[in-house]
Every structure is written in structure tokens, then in C-alpha cells.
2 protein chains.
Amino acid sequence: MIVAMSRYDPSAFPPFAVTVDLVVLTVREHALCALLVKRGEAPFQGYWALPGGFVRPDEGLAEAASRELAEETGLRAHSTPGQATAGAHLEQLATYGHPQRDPRMRVVSVAYLVLAPDLPTPRPGGDASSARWAPVGELLGKTPSDGVPLAFDHGQILADGVERARSKIEYSSLATAFCPPEFTVGELRRVYEAVWGVVLDPRNFHRKVTGTPGFLLPSGGTTTRQGGRPAQLFTAGGATVLNPPMLRPES
Amino acid sequence: MIVAMSRYDPSAFPPFAVTVDLVVLTVREHALCALLVKRGEAPFQGYWALPGGFVRPDEGLAEAASRELAEETGLRAHSTPGQATAGAHLEQLATYGHPQRDPRMRVVSVAYLVLAPDLPTPRPGGDASSARWAPVGELLGKTPSDGVPLAFDHGQILADGVERARSKIEYSSLATAFCPPEFTVGELRRVYEAVWGVVLDPRNFHRKVTGTPGFLLPSGGTTTRQGGRPAQLFTAGGATVLNPPMLRPES
DNA sequence: GTGTTTATCGTCAGAGAGACGACTATGATC
DNA sequence: GATCATAGTCGTCTCTCTGACGATAAACAC
């Protein structure tokens with residue numbers, strides 16, 4: 001409905017706090033991992049949580065997410081498609097606003113999803129007491145009694161972010177955001193395997209990704225850093241959508 | 001980052017207003033239409049806008065969207081998948097929070113997407129001065145100089161909602177949300193044609209939707225309301241995902 | 001009855017994916 | 001240096017699915 005002008009009087013409305021929370025995903029040692037920080041204050045003191053913080057009065061939502069990401073990891077993210085630089089991918093995930101999700105006051109949190117290549121160090125920057133990369137397999141798919149859950153509704157946010165990542169690499173070239181600027185087909189395949197938690201046939205995968213126009217650009221070089229026969233190096237091509245998509249194996 | 005406790009002091013933060021905006025889509029006369037309301041006050045007085053309103057202090061975001069939808073249209077929406085009732089489908093779309101998107105104060109708006117069967121009357125309920133169903137073809141894909149644009153950033157929100165609907169019916173059974181409880185294959189096909197703006201082959205479409213397990217349940221009856229040979233009536237089956245998906249024809 | 005409209009069933013060729021064989025080029029080990 | 005293990009790359013076969021399109025069926029209008 002169209003609200004009356006008087007309703008815009010700030011004093012007439014209890015204030016909402018608006019925050020951003022980040023689901024930062026990367027692939028480390030064949031496992032999909034999420035960045036967690038340890039909370040230093042109540043509530044949920046000592047619990048692990050997603051990084052995040054308040055949106056400042058004069059900044060946009062994506063801007064706030066990007067700033068928090070830089071504060072936590074030093075990563076420079078951008079949401080522009082077809083990135084060929086070393087930055088991470090950032091996109092809005094969803095917004096969480098259950099009235100009691102924060103016991104102190106009404107907080108509406110806009111969650112962002114970040115896909116980043118493997119970072120050298122977990123670097124607990126900012127004012128979080130500590131930070132770590134946690135394999136999402138150990139955080140998800142467990143009963144709430146297994147281990148300590150995440151603070152607030154961050155377990156749900158993380159689950160939504162992981163599902164978004166899993167489905168989005170099906171029909172987009174976003175999986176390259178997990179890779180360094182130059183990568184091999186095998187490295188890209190291991191990304192898919194880690195994110196989906198499956199094993200893919202190397203030959204069919206190779207045929208699929210090299211046969212999709214614009215997905216991969218040969219950079220000319222080769223590498224043997226994975227052992228075995230030298231593999232061709234590629235960079236991400238300009239294509240952002242995969243048509244036809246590469247669907248996850250069922251079951 | 002983890003913020004200090006003092007930052008939770010409401011007086012320390014300029015309040016954000018949180019609203020919900022609704023992209024309500026339906027199919028009328030072979031065209032995809034969106035619900036618009038005419039603004040009665042400044043700013044953008046006299047402009048068409050998406051329906052929406054403030055989130056109340058004690059209600060969740062989806063709850064607020066559902067309430068606004070009921071106030072505007074009388075529809076009872078639910079986001080539970082596999083709905084067999086006459087209600088509309090509701091899902092969160094995205095959140096828009098550019099600092100200057102509302103000239104009066106900082107407003108963060110959580111947009112929801114509603115897919116509804118054709119409603120008997122546009123029913124301008126609530127306190128909007130008037131409401132109408134507008135074909136999205138006339139609102140999108142035009143230069144900003146063609147006609148009057150929507151208020152605020154509602155043109156962008158509408159475009160995002162339409163794109164979400166277009167892509168989501170590819171791999172889900174959501175198109176049935178545009179249909180009455182009982183519908184024919186031809187009626188469902190006309191939904192796809194209206195949403196995508198294409199013409200589909202009736203025979204291939206029939207084969208695809210009747211061959212996908214769980215998509216359609218025969219209800220036993222037949223109808224001739226579309227003219228021609230009587231068509232079998234179906235209800236939406238329990239399946240929510242289409243595998244393999246039904247991809248839009250390219251270009 | 002004849003024509004029109006819509007629904008439904010079939011056929012055929014081509015694209016694409018899964019399963020898997022074969023070969024290549026490197027480093028590691030004996 | 002020969003052998004082995006590892007990973008990469010090319011090919012083949014089959015099956016499924018899709019797009020194009022012919023043909024038939026069952027209603028209504030005249």
C-alpha cells in the first residue's frame with residue numbers, strides 16, 4: 001500500500017538495524033570451505049559466525065559487503081561478470097529479518113555470497129578475535145547436536161549460500177571464481193567436485209568445458225603443478241552463462 | 001567484522017526504514033502483467049509504482065509481504081512448494097538499498113515476487129488511489145523516454161522480478177502458479193508463451209510436460225473452454241523441480 | 001456435412017551426456 | 001635408463017532428449 005507521508009517520520013518507527021553478512025566460500029584441499037569468525041561479545045560469545053557488520057548510513061548494500069570483505073580478508077571483490085582479474089565474485093544472496101533473530105534489537109541482515117580463490121592465509125584481520133576456514137561438510141548436513149552450531153541464523157544463511165553456489169556453477173561460468181587467474185581443466189574439475197561433493201569423469205568434463213564457446217581461453221602456457229602430463233593453462237573466457245548447462249549428477 | 005556492543009545502541013545509528021515491495025505477476029489475455037498502484041503523495045506523486053509498504057516492528061519480512069499482498073489483492077500467498085490450493089506463490093526476490101533511492105530518508109526495501117493466477121478484477125483495494133495490471137512488455141525493454149517510468153527504482157525491481165520468473169519456470173514447476181487449480185496442457189503452454197514471449201510447439205510441449213513425472217496430475221475431467229477438441233484437466237503435481245529443465249528457445 | 005480450432009499421438013534426425021577405451025607426457029622409483 | 005604412477009587429452013558408442021513436423025481426434029460454427 002502507499003503509506004502516508006507521516007509514516008516516514010523516523011521517530012514514528014522503531015529503528016531497524018541493517019547489517020550485511022558474508023558467506024565467503026573457497027576451495028581448499030579438495031573441500032569447499034567457508035570463512036568463519038569467532039564472536040568476542042554476547043550474545044553467542046565464543047560461537048563461530050559469518051563475518052559481517054553494520055551498513056553505514058551513506059553506503060550501499062553491496063558497498064558495505066565489499067568493505068567488510070576487504071576488512072576481513074583483504075580481498076577486492078566485484079560483482080561485474082566476466083572478471084579476468086584476481087578478485088573474488090560477490091553477489092547478493094538473500095535477506096533475513098525474523099523479528100527475533102537477534103535478541104538485542106530488530107536487525108535485518110542482507111547476506112552476500114562471495115566466491116574466492118584459495119587464499120594463502122586465513123588472516124584473522126579486523127577486530128574479530130579469530131577467523132578460520134571451515135569445511136562446509138562439517139557445518140552442514142549434521143544434526144544440530146553435532147558440534148556447536150553457528151551464531152544467530154548463520155547456519156541457515158550458510159546453507160542457502162552453499163546451495164546457491166552449487167546450483168549457480170551449473171549454468172554459469174562462476175566456478176572460475178574459485179580458481180587462480182590461470183588454471184587447468186583439471187583444477188577447474190576439482191572445483192566442481194569439491195563444491196558438489198561428487199567425482200566427475202575427467203574425459204567428459206574436459207570435453208564439456210573445452211567445447212563450450214567462451215568458457216575457457218587458452219593462455220598459451222602449460223603447467224605440471226598437479227603432477228602427470230603437462231596441462232594446458234586457461235583463463236576465464238567472457239561467457240557468463242553455460243548453455244546447455246552442466247547439471248549435477250543426480251542422487 | 002564483529003562490532004562492539006555499543007554499536008547496537010539504536011541512537012548511535014541513524015535509523016533505516018525497511019519496506020517490502022511486491023512484484024505481482026499474472027498472465028492476462030496472453031500477456032505477462034504486473035500489478036501497479038498509483039502514488040497519491042510526493043515524491044513521485046501520480047507515478048505508477050509497485051505495491052508495498054513498511055515492515056512492522058513485530059513481523060517477519062515474508063509476513064509483511066504476505067500482508068501487503070492481501071491488502072492489495074485479497075490473495076493469500078504461500079511460499080511452501082507444491083501448492084495445490086488456489087493461493088499464489090511468493091518468494092523473496094532481492095533487496096535494494098541504494099542510499100538515495102528514496103529522497104526522504106534511508107529506505108532499504110526487500111522485494112518479493114508473487115506469481116498469481118489471473119484475478120477477476122484489478123481491485124484497487126487498500127489506500128492506493130488506483131491500481132492496474134500493466135503488460136510488462138510495455139514497461140520493460142523501452143528507452144526511459146518511452147512513457148513515464150515507474151517511481152523510485154521500481155523499474156529495476158520489476159525487471160529483476162520478470163527475469164526471475166522467466167528463468168525459474170525453466171527448471172521448476174512454478175508456471176502452474178499462474179494457472180487456476182485445474183488447467184489444461186494448452187493453458188499451461190500459453191503461460192510459458194506469455195512469460196517468455198515466444199511461441200512453442202504444442203506437440204513437443206505436450207510431450208515434455210506430460211512426460212515429466214510429478215509435474216502434472218490428471219484430475220479426470222475434461223474441458224472445452226478453449227474451443228476445439230476437449231482437453232484433459234490437470235492439477236499441479238508434487239514435483240517442484242524439472243529435470244531435465246525446459247530451456248527457453250534461444251535468441 | 002464442411003471447415004475451423006484445439007488436443008494428442010507418432011516419427012525422424014541431430015545434439016548432447018554418460019560410460020569407457022586408448023594414448024600421451026611428465027615425475028618418481030628401482 | 002626402464003618401469004611405474006599420475007594426470008591430461010582424444011575418440012567411440014549408446015542412450016536420452018529435443019526440435020521439426022505429419023497425422024489423427026473431437027469438439028463447435030455454419
Side-chain angles (χ1 to χ4, degrees), chain A residues 29-30 169-171 179 182-194 196 198-235 239 241-251, chain B residues 29-30 169-171 179 182-194 196 198-235 239 241-251:
Chain A
E29 297 160 10
H30 291 200
I169 64 173
E170 286 188 318
Y171 55 89
C179 296
E182 280 194 328
F183 54 90
T184 68
V185 173
E187 289 166 347
L188 183 62
R189 175 170 48 83
R190 281 180 274 279
V191 165
Y192 274 90
E193 291 179 334
W196 286 343
V198 298
V199 174
L200 300 174
D201 185 281
R203 298 156 290 189
N204 292 336
F205 183 86
H206 189 276
R207 178 183 59 191
K208 173 69 179 175
V209 297
T210 58
T212 299
F215 193 0
L216 300 181
L217 288 178
S219 73
T222 60
T223 182
T224 65
R225 62 182 170 222
Q226 298 289 337
R229 169 177 168 179
Q232 213 180 342
L233 284 170
F234 294 88
T235 59
V241 292
L242 262 51
N243 200 331
M246 175 157 46
L247 298 177
R248 289 176 258 196
E250 341 193 3
S251 79
Chain B
E29 297 160 11
H30 291 200
I169 65 173
E170 285 188 317
Y171 55 89
C179 296
E182 280 194 329
F183 53 90
T184 69
V185 173
E187 289 166 348
L188 183 62
R189 174 169 49 82
R190 278 174 218 104
V191 165
Y192 274 90
E193 291 179 335
W196 286 344
V198 298
V199 173
L200 300 175
D201 184 282
R203 298 155 290 188
N204 292 336
F205 184 85
H206 189 278
R207 177 183 59 190
K208 174 69 179 175
V209 297
T210 57
T212 300
F215 193 0
L216 300 181
L217 288 177
S219 73
T222 60
T223 183
T224 66
R225 63 183 170 220
Q226 297 291 337
R229 170 177 166 180
Q232 213 180 341
L233 283 170
F234 295 88
T235 59
V241 293
L242 262 51
N243 202 330
M246 175 157 45
L247 298 178
R248 293 175 255 195
E250 341 194 2
S251 75

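Chain A is the first sequence line, chain B the second, and so forth, proteins listed ahead of strands; every chain is numbered from 1. Just so it is clear, the structure is predicted and the values come from calculations on it, not from any experiment.
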Item to check | Residue whose closest nucleotide on DNA chain C lies nearer the 5' end, B:Asp201 versus B:Arg189 | outcome: B:Arg189

[X] side-chain N/O to [N] phosphate OP1/OP2 under 4.0 Å:
X	N	result
A:His206	D:dG8	no
B:Arg190	C:dA7	yes
A:Lys208	C:dA17	yes

Taking the side chain of [X] as its heavy atoms from C-beta onward, which of [options] lies nearest to it?
X	options	result
B:Pro230	C:dT8, D:dA26, C:dA7	D:dA26
A:Asn204	C:dA7, C:dG18, C:dA25	C:dG18
A:Thr224	D:dA27, C:dT26, D:dT9	C:dT26

Checklist entry - Which sits closer to the 5' end of DNA chain D, A:Gln232 or B:Met246, going by the nucleotide each is nearest to? => result A:Gln232

Item to check | Nearest-angstrom distance from the residue atom CZ of A:Phe234 to P of D:dG8 | outcome: 11 Å

Item to check | B:Glu170 CD - D:dT18 P separation (whole Å) | outcome: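 These atoms are roughly 12 Å apart.
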
Item to check | Donor-acceptor pair present, A:Arg207 side chain and C:dG18 base, under 3.5 Å | outcome: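 A donor-acceptor contact between them is present.
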
Please write out the pairs of protein N or O atoms and N or O atoms of nucleotides 23-25 of chain D separated by less than 3.5 Å, giving the distance to one decimal.
| residue | atom | partner | partner atom | Å |
| --- | --- | --- | --- | --- |
| D:dA25 | O4' | B:Arg229 | NH1 | 3.4 |
| D:dA25 | N3 | B:Arg229 | NH1 | 3.4 |

Next on the checklist: Between B:Glu170 and B:Arg248 (side chain of the first, backbone of the second, donor and acceptor by atom type, cut-off under 3.5 Å), is there such a pair?
Outcome noted: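 The answer is yes, because a donor-acceptor pair under 3.5 Å joins these two groups.
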
Checklist entry - Taking only residues two or more places apart in sequence, or in another chain, which ones meet B:Thr223 in a side-chain hydrogen bond (donor to acceptor under 3.5 Å, both in side chains)? => result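 If we apply the side-chain hydrogen bond (donor to acceptor under 3.5 Å, both in side chains) test to B:Thr223, skipping adjacent residues, there are no hits.
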
Checklist entry - Would you say the side-chain atoms of A:Thr235 and A:Glu182 include a donor-acceptor pair closer than 3.5 Å? => result no

